[in-house]
Amino acid sequence: MSENVIHFHKPTDPPPSDTSPTVLTVVPDAPPSRPVPLWVRSGRAVKTAVTHETTRATVRAAARHASYTFNGGRIVARRTWDGRTCARYERMIRAAEAAGNLEAAEEWEERLQRFRAARHHRRMDLLHSPVEAARGMAVGAGMSVGVLVALGVALALHTGNVGDVITPLSATIEFIALLIRIVQIVWGPALTVGPFLALLALWSVGRKQHAAPQWALPANARSGEGEPITPSIVVKALRDLGIPALRKAITDMGDAGASMLGPITLAGCGVEVDVTLPSGVSTNEVQGKRRKLAENLTRHEHEVFITIPTAARTVRLWIADSGALDEPIGPSPLVTDDTMTADYTKGRAPWGQDLRGDAAALSLYQRHLLITGLSNQGKTVALRSLALWLSLDRSVQFLMGDLKGVGDWAMFDGLATTLIQGPTDEHVIQVTEMVESAVDEMNRRIQAPPGTVFPPLIVLVDEAQVAFMCPAKDDDKRPYGGSKSNSRYFMAVRKIHNQGRAVNVLMWQGTQDPTNENLPKLVREGAHTRASLALGTESQARMALGDKAVDGGAAPNLLRPGLDRGTLVVASDGITIPAGQSSITVRTHYIDDAAATAITNRAKALRDGVTTLHAIDRSEERDPLADIAAVIGDAPRVRTKDVLARLATRNAGAYGGWSFIDLKRVLDDADASPYKSDGVMVVARDRVARALANRDTESSASAD
């Protein structure tokens with residue numbers, strides 16, 4: 001069905017009919033553009049040619065090589081002048097005086113006097129040398145002629161020809177004439193080529209010293225990001241630190257401050273240099289300008305480390321190659337060497353590399369350990385790598401608590417005696433009781449006969465700040481967390497720190513973001529090996545490593561969170577630290593979960609099999625006093641030796657390691673002390689029963 005459309009607006013231009021004529025519109029061509037003047041085109045061409053990269057490179061090359069030759073001549077002239085005059089000695093004397101080093105000034109003055117005396121002696125010898133030279137030439141010529149004539153006489157006697165007497169002499173004369181002819185032939189070209197050879201030698205000297213303007217140098221030698229460290233660059237960086245006394249002293253030094261520097265030596269992925277500061281400049285002033293010093297050296301702040309060696313008024317600068325610290329250091333030997341084993345007593349754990357690129361190995365023998373840092377900086381991996389190495393010593397036992405509970409330590413299941421994983425208060429309670437059981441084991445070992453050797457027991461708690469911050473309390477209202485004398489976890493750790501080392505019971509803790517609340521002062525200072533990853537503030541760095549390490553240059557707070565993951569600042573006598581320093585920076589190897597599992601599988605193969613407890617079952621906690629009463633039975637008294645034997649039979653796990661001291665401690669606490677009867681120590685049934693009754697009465701009264 002079609003629709004009719006009605007238009008209410010009359011079209012202004014009616015459509016043409018088929019008979020209307022066709023109208024053609026002629027569009028004229030655009031007028032021709034005006035030609036570009038010749039001088040404009042010439043200017044553009046010249047500008048293009050001048051600014052072209054090839055032209056610029058050619059100009060830079062010409063200026064560079066011309067500067068090499070000219071400045072090379074200046075360098076050679078300066079060296080010659082220093083070698084022939086006293087300028088070098090006088091310059092060093094002025095530099096030593098400006099630095100306040102009078103001993104060095106006196107030493108250089110003595111050298112100057114010796115140089116002048118030797119020069120005077122040489123000049124006096126020149127007065128007599130012409131006569132001596134003429135005499136020596138006459139004697140030498142006469143002896144030479146005599147030798148040649150004697151040789152001719154011998155030849156004539158041999159041949160019977162008298163004319164052979166002058167044959168050696170004539171041959172020598174002909175040889176001298178030949179040399180003269182050779183010199184005459186070569187002399188002309190040598191005069192022509194000689195200046196060019198001299199210019200080439202000067203160019204070579206200038207090129208080696210980069211004696212050209214910065215804009216003319218090649219890109220790889222131009223000052224900028226990653227420029228090589230030279231004495232002049234170091235002195236300039238120190239001069240521009242903004243320390244007035246230092247700047248004035250460098251300006252007053254005749255050698256422009258070069259005498260301040262020791263040798264610049266290669267040190268791993270960077271260089272190292274000792275700087276002796278002038279009088280009036282303290283080392284902490286330079287330490288406080290670390291960022292500015294790094295930027296003056298065209299480095300990032302994390303690529304420059306300032307430490308204080310043993311020499312007075314000296315700072316040691318380690319300057320990394322640009323970008324070198326961002327490169328990985330490679331896999332751990334624990335991963336690449338399947339035959340590696342560990343030795344707790346004499347061995348060292350392969351932990352990583354120091355800034356020099358040397359292997360950094362840590363001794364764990366009888367050292368409590370603390371590792372701290374911000375979250376997600378590699379703390380658990382660094383701590384775990386030490387435990388992985390130590391697991392390859394079959395004598396080592398582990399008690400482990402992971403208060404993060406995400407499986408970072410799951411590979412130690414079947415290797416550790418106890419492995420508790422989880423972040424809740426209940427897990428903190430379990431970990432606390434695990435540490436307290438280690439305290440009991442420590443006390444048992446302490447009471448053993450002198451000379452007894454015990455296997456190492458490592459009590460490891462990762463994310464220990466969770467334990468210190470736990471608000472839970474036990475039935476006696478004693479808190480598990482906190483840092484007071486009634487805090488169970490705090491006191492257990494303190495007891496191990498105080499006495500555990502002597503009997504190989506060691507406390508390892510990993511914690512993050514340290515404060516006085518989540519890492520009490522007494523706990524952190526009880527660790528022999530203290531290491532820190534990146535931290536936020538200097539106060540946290542002092543908590544982690546101690547005042548001595550930080551005052552000596554340790555600065556984990558200057559590490560870059562996220563970028564310097566796995567980089568530790570370590571303060572410990574268990575690792576090799578350069579003389580005069582109080583800490584060392586270590587870039588640790590990264591061992592992922594799969595590689596860690598492979599290592600623990602090798603460790604498990606070394607053992608007969610370990611049953612890992614995943615919780616401390618408090619329902620089976622023993623009541624020693626009740627067990628003593630049970631083993632005594634109806635006998636009025638029993639010898640202490642027999643009581644110990646019966647207790648071990650009743651529960652070997654709880655009482656197998658008991659000694660008389662353990663038994664006496666329990667009975668003394670209950671006011672049922674053993675006594676001597678017929679010359680032997682015995683335990684009375686009545687005393688034990690009375691102690692049990694008194695305890696039950698006290699418990700009922702407290703319940704009411």
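Below, all heavy atoms of this structure are taken into account, side chains as well, without hydrogens, waters or symmetry copies.
Between the side chain of Q540 and the main chain of G536, a donor-acceptor pair closer than 3.5 Å is present. Although no hydrogens or angles enter the test, the distance criterion places a donor-acceptor pair under 3.5 Å between the side chain of R494 and the main chain of L522. Side-chain atoms of S363 never come within 3.5 Å of backbone atoms of G574 as a donor-acceptor pair (strictly under, hydrogens ignored). When atom types are taken as modelled, the side chain of R646 and the backbone of V631 share a donor-acceptor pair closer than 3.5 angstrom. Between the T612 side chain and the G414 main chain, a donor and an acceptor come within less than 3.5 Å of each other. Side chain of K604 to backbone of D413: a donor-acceptor contact under 3.5 angstrom is found. Side-chain atoms of R501 come within 3.5 Å of backbone N or O of Q366 as a donor-acceptor pair. Checking side-chain atoms of D354 against main-chain N and O of D358 turns up a donor-acceptor pair under 3.5 Å. Checking side-chain atoms of T585 against main-chain N and O of V569 turns up no donor-acceptor pair under 3.5 Å. Remark: side-chain polar atoms of R530 are paired, donor with acceptor, to backbone N or O of A544 under 3.5 angstrom.
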**Verdict with reasoning, L558 to R290, per side chain to side chain contact (heavy atoms under 4.5 Å, CB included)** = CA-CA 10 Å; L558 296 182; R290 176 180 172 184; 2.8 Å; yes
**Message:** Using the rule given for side chain to side chain contact (heavy atoms under 4.5 Å, CB included), can you reason through L383 versus W409, listing the C-alpha separation, both sets of side-chain angles and the distance that settles it, and then say yes or no?
**Reply:** CA-CA 10 Å; L383 183 61; W409 299 87; 4.0 Å; yes
**Message:** Between D402 and V431, does the side chain to side chain contact (heavy atoms under 4.5 Å, CB included) criterion hold? Intermediate values first, please.
**Reply:** CA-CA 8 Å; D402 175 17; V431 167; over 6 Å; no
**Message:** Is there a salt bridge (charged side-chain N to carboxylate O under 4.0 Å, His left out) between D573 and R367? Walk through the geometry before answering.
**Reply:** CA-CA 9 Å; D573 61 351; R367 290 178 176 88; 2.9 Å; yes
**Request:** Verify side chain to side chain contact (heavy atoms under 4.5 Å, CB included) between N376 and R565, making sure each step is shown before the conclusion.
**Result:** CA-CA 8 Å; N376 197 31; R565 186 178 290 111; 3.8 Å; yes
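W318 has its side chain out of reach of T307: every pair of non-hydrogen atoms, C-beta onward, lies at least 4.5 Å apart. Inter-residue side-chain proximity for V435 and V461 is flagged as met; some heavy-atom pair is nearer than 4.5 Å. The closest side-chain heavy-atom distance from L403 to D462 is not below 4.5 Å. Residues Q430 and I420 form a side-chain contact, since some pair of their non-hydrogen atoms from C-beta on lies under 4.5 Å apart. Two residues are said to be in side-chain contact when any heavy atoms from C-beta on lie closer than 4.5 Å; T511 and F468 fail this criterion. When side chains are defined from C-beta on, L390 counts as touching I458, because their heavy atoms get closer than 4.5 Å. With contacts defined as side-chain heavy-atom distances shorter than 4.5 Å, the pair E517/S483 does not qualify. The side-chain heavy atoms of V682 and P674, taken from C-beta on, include no pair separated by under 4.5 Å.
Interatomic distance, CD1 of I575 versus CD1 of I577, reported as 7.0 Å (0.5 Å rounding). The structure places OH of Y480 at 4.5 Å from CG of D474, a figure rounded to the nearest 0.5 Å. In this structure, CG in L545 is found 5.0 Å from OG in S532, a value given to the nearest 0.5 Å. Taken from CG in L519 to CD in Q509, the straight-line distance is 7.0 Å, to the nearest 0.5 Å. Remark: W351 CH2 to H589 NE2 distance equals 11.5 Å, nearest 0.5 Å. Rounded to the nearest 0.5 angstrom, M491 CE and T432 OG1 are separated by 13.0 Å.
A salt bridge links D408 to K404: at least one charged side-chain nitrogen sits closer than 4.0 Å to a carboxylate oxygen. Look at R384 and D593 and you find a salt bridge, because one of the NZ, NE, NH1 or NH2 atoms lies within 4.0 Å of a carboxylate O, short of that distance. Using a 4.0 Å cut-off between charged side-chain N and carboxylate O, K495 and E436 make no salt bridge.
No side-chain donor-acceptor contact under 3.5 Å links S437 and D440. Side chains of N504 and Y344: a donor on one and an acceptor on the other come within 3.5 Å.
Taking D551 as the reference, R542, D547 meet the side chain to side chain contact (heavy atoms under 4.5 Å, CB included) condition, with sequence neighbours excluded. The side-chain hydrogen bond (donor to acceptor under 3.5 Å, both in side chains) search around T537 returns S539, not counting sequence neighbours. With sequence neighbours excluded, the residues satisfying side chain to side chain contact (heavy atoms under 4.5 Å, CB included) with D627 are R622, L647, R650, Y655.
The list of ring pair (Phe, Tyr, Trp, His ring centres under 6.0 Å) pairs with a residue in residues 422-454, not counting sequence neighbours, is empty.
Smallest separation of non-hydrogen atoms from L535 and G373: CD2-CA, 3.6 Å. Closest of all the heavy-atom pairs between M442 and I496 is SD-CA, 3.9 Å. Across all non-hydrogen atoms, the minimal contact from L362 to S572 is CD1-OG, 4.1 Å. In terms of heavy-atom proximity, A603 sits nearest to S391 at CB-O, 3.3 Å. The two residues F412 and L419 have their closest heavy-atom pair at C-CD2, 4.2 Å. Nearest heavy atom pair, residue R685 against residue I632, reads CB-CG2, 3.7 Å.
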Report all side-chain donor-acceptor pairs from residues 637-645 shorter than 3.5 Å, counting only partners two or more places apart or in another chain.
{"unit_1": "R637", "atom_1": "NE", "unit_2": "Y675", "atom_2": "OH", "d": "3.3"}
{"unit_1": "T640", "atom_1": "OG1", "unit_2": "M681", "atom_2": "O", "d": "3.4"}

Using residues 446-453 as the side-chain source, report each donor-acceptor pair under 3.5 Å to any protein atom, sequence neighbours left out, with the distance given to one decimal.
{"unit_1": "T452", "atom_1": "OG1", "unit_2": "P449", "atom_2": "O", "d": "2.7"}

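The number of heavy atoms from other shown groups lying within 6.0 Å of CG (D671) does not exceed 12. Within 6.0 Å of atom CZ in R291, 12 or fewer heavy atoms from other residues, nucleotides or ligands are found, so the atom counts as exposed in its surroundings.
Annotation: cation-pi pair R665/F660 absent, no NZ/CZ under 6.0 Å from the ring centroid and within 45° of its normal.
When V523, L506, V505, V493 are each tested for a side chain to side chain contact (heavy atoms under 4.5 Å, CB included) with H368, only one passes: L506.
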